[in-house]
Amino acid sequence: MSITLPLPDPFSFELTLQFLQRSPKELLHRTRDDRVIKLLPVGKELVLFSVKEGNNKLIVEFLNGDPSDPAKAEIKDYVREWFDLETDLNPFYAMGRKDELLKSLVKKYSGFRIIGQPDLFESLVWAVLGQQINLNFAYTLKQRFVELFGQNIEIDGHRYFAFPTAEDVTRLADDDLLPLQFSRQKSKYVRLIAEAFVGGEVSKVKLSGMTLQQAKEHLIKIKGVGNWTANYALMKTFRYPDAFPLEDVALHKAIQIGKGLKARPSLEQVKRIFKKYKGWEAYATLYLWRSL
DNA sequence: CGCCAGGTTAGAG
DNA sequence: CTCTAACATGGC
């Protein structure tokens, strides 16, 4: 009833759990003691599993019965992607130790990996929810959205939620979303993304294998997905090492504080700084975000 | 009250 | 091509 995954070095499960706990409004997983619990639809199965660390491995335990072998394999892949177990961080640290802005961060957050969003639809919708509003309010919107439209099961007095499917979201209208305090814009964008998935214009399979530039151009065809959103999703779902949201306000703030600038850096300044991080832009962004 | 939040679009110049 | 208003609401 459990499977294990070998851990790369360095890997910090503690920093991972901290990150997963950053909002009490998060319904897509629950952290308890030293583990994280998540519900994931796999084919027709709804699998509830927990992940903890032990013996230099990640231990995945199944909590609602024994899933089929294909489902188990898929969960294993999901966890590997979720916690970015394949990346060798050592070159990033070697580079970061020599960089004024990153020096203290790579030391402080050693073993912290990009917590991915293996589900592309979830990643895009989440990015749209986060557009132009504070993160806390974005979590409120997501909480309401998942609570109302996501599949869920109750086990031992706890309810676990999965992210709503694209198909379900295409059936929604302004009347469903505006009461959750979505703006008309967000309501429309979320539905357009869902339609792009259901219509087959966009899918994870379709984008995998594309170059970063190709994938970005493909995503930006969806109305509501701009440069920032596309880069965010490509970073969190596909882990292009050089995908990062150049225009991101939080990133600018982190650079301003880190470098002690009087004002936010210009886009040109950010570009110049990130030139030094070539091949590790996504990780540099993650660590700068974390510094806030 | 004013200003800013992990932006994007449409429209004007 | 670049610049701007509109979008809507929470938090300080």
Side-chain angles (χ1 to χ4, degrees), chain A residues 18-26 28 101 105 109 112 114-117 119-120 122-145 172-196 201-202 215-240 242-258 261-271 273-274 277 281-292:
Chain A
Q18 273 177 27
F19 178 85
L20 291 171
Q21 283 166 1
R22 75 192 164 136
S23 173
K25 293 173 183 164
E26 179 59 75
L28 297 179
L101 188 54
L105 300 177
Y109 302 119
F112 179 49
I114 296 179
I115 310 300
Q117 279 177 327
D119 178 351
L120 180 61
E122 176 190 331
S123 184
L124 287 169
V125 170
W126 169 234
V128 165
L129 294 186
Q131 286 172 359
Q132 179 53 24
I133 57 175
N134 64 71
L135 205 49
N136 186 40
F137 185 46
Y139 270 112
T140 302
L141 296 179
K142 176 174 156 185
Q143 180 183 32
R144 292 171 182 162
F145 181 67
L172 301 179
D174 274 346
D175 284 349
D176 298 302
L177 295 172
L178 299 189
L180 314 192
Q181 287 183 291
F182 279 45
S183 61
R184 284 175 192 286
Q185 219 176 29
K186 285 196 200 304
S187 166
K188 187 158 99 190
Y189 292 169
V190 163
R191 282 175 290 138
L192 287 174
I193 292 169
E195 280 162 21
E201 292 95 84
V202 172
K216 202 186 297 184
E217 282 165 16
H218 202 82
L219 285 178
I220 285 176
K221 286 184 193 148
I222 308 174
K223 204 148 289 187
V225 178
N227 206 39
W228 178 89
T229 304
N231 273 306
Y232 178 87
L234 292 170
M235 169 181 171
K236 296 283 277 187
T237 300
F238 290 99
R239 302 186 169 286
Y240 288 92
D242 47 350
F244 77 104
L246 172 70
E247 311 84 346
D248 185 79
V249 179
L251 177 62
H252 298 178
K253 195 199 274 182
I255 291 172
Q256 182 188 353
I257 294 170
L261 306 176
K262 287 201 183 91
R264 297 290 157 83
S266 66
L267 289 182
E268 286 309 314
Q269 278 176 288
V270 179
K271 271 185 202 165
I273 291 165
F274 268 71
Y277 305 154
E281 288 92 335
Y283 262 95
T285 300
L286 181 78
Y287 278 60
L288 284 163
W289 274 342
R290 182 92 191 204
S291 73
L292 300 172

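Model, not experiment: these values are computed from the prediction. Numbers restart at 1 for each chain; the letters A, B, ... are given by sequence-line order, proteins then strands. Hydrogens, waters and symmetry mates are skipped; everything else that's a heavy atom, side chains included, is used.
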Check: What integer distance in Å separates A:Arg184:CZ from C:dC7:C1'?
Finding: 11 Å
Next item on the list: Specify the separation, in whole Å, of atom CG of A:Leu180 and atom C1' of C:dT9.
Entry: 14 Å
Checklist line | Note: A:Asp174-A:Lys188 ion pair, threshold 4.0 Å (strictly below) | finding: no
Next item on the list: Please report, rounded to the nearest Å, how far the P atom of C:dG10 is from the NZ atom of A:Lys25.
Entry: 10 Å
Note to self: Could you tell me how far apart A:Phe137 (CZ) and C:dC12 (P) are, to the nearest whole angstrom?
What the structure shows: 14 Å
Next item on the list: Could you tell me whether a side-chain N or O of A:Gln21 sits under 3.5 Å from a main-chain N or O of A:Gln18, the two making a donor and an acceptor?
Entry: no
Notebook entry, point to check: At under 4.0 Å, does any side-chain N or O of A:Asn134 touch on OP1 or OP2 of C:dT9?
Noted result: no
Item checked: Interatomic distance, A:Leu129 CG vs C:dC7 C1' [rounded to whole Å] -> 15 Å
Next item on the list: Tell me, yes or no, whether the heavy-atom count around A:Arg184 atom CZ, taken from other residues, nucleotides or ligands under 6.0 Å, exceeds 12.
Entry: no
Note to self: Taking the P atom in each of B:dG11 and C:dA8, what is the distance between them to the nearest angstrom?
What the structure shows: 16 Å
Check: When you measure from the side chain of A:Gln181, which nucleotide among C:dG11, B:dG7, C:dT9 comes out closest?
Finding: C:dT9
Item checked: Ring-face cation contact, A:Phe112 with A:Arg290, 6.0 Å cut, 45° max -> yes
Checklist line | Length of the CG-C1' vector between A:Leu177 and C:dC7, whole Å | finding: 16 Å
Next item on the list: Spell out protein contact along nucleotides 8-13 of chain B as letters: B when the base is contacted, S when just the sugar-phosphate is, - when no protein heavy atom is under 4.0 Å; keep the 5' to 3' order.
Entry: BSS---
Note to self: Does either side chain, that of A:Gln181 or that of A:Thr140, offer a donor lying less than 3.5 Å from an acceptor on the other one?
What the structure shows: no
Note to self: Between B:dT8 and C:dG11, how far apart are the two P atoms, rounded to whole Å?
What the structure shows: 23 Å
Checklist line | DNA chain B contacts among residues 284-292 of chain A, heavy-atom distance under 4.0 Å | finding: A:Trp289
Check: Should A:Leu251 and A:Phe274 count as side-chain neighbours, where that means a heavy-atom distance under 4.5 Å?
Finding: yes
Item checked: Gap between atoms CG and P, on A:Asp248 and B:dA5 respectively (whole Å) -> 10 Å
Note to self: When you compare the side chains of A:Arg191 and A:Ser187, does any donor N or O come within less than 3.5 Å of an acceptor on the partner?
What the structure shows: yes
Checklist line | OP1 or OP2 of B:dA5 under 4.0 Å from side-chain N/O of A:Arg264 | finding: yes
Note to self: Determine whether the aromatic ring centres of residues A:Trp289 and A:Phe244 are separated by less than 6.0 angstrom.
What the structure shows: no
Next item on the list: Please state how far atom CG in A:Leu141 lies from atom P in C:dC7, giving the value in whole angstrom units.
Entry: 18 Å
Item checked: Polar contact flag, side-chain donor to acceptor under 3.5 angstrom, A:Gln143-A:Tyr139 -> no
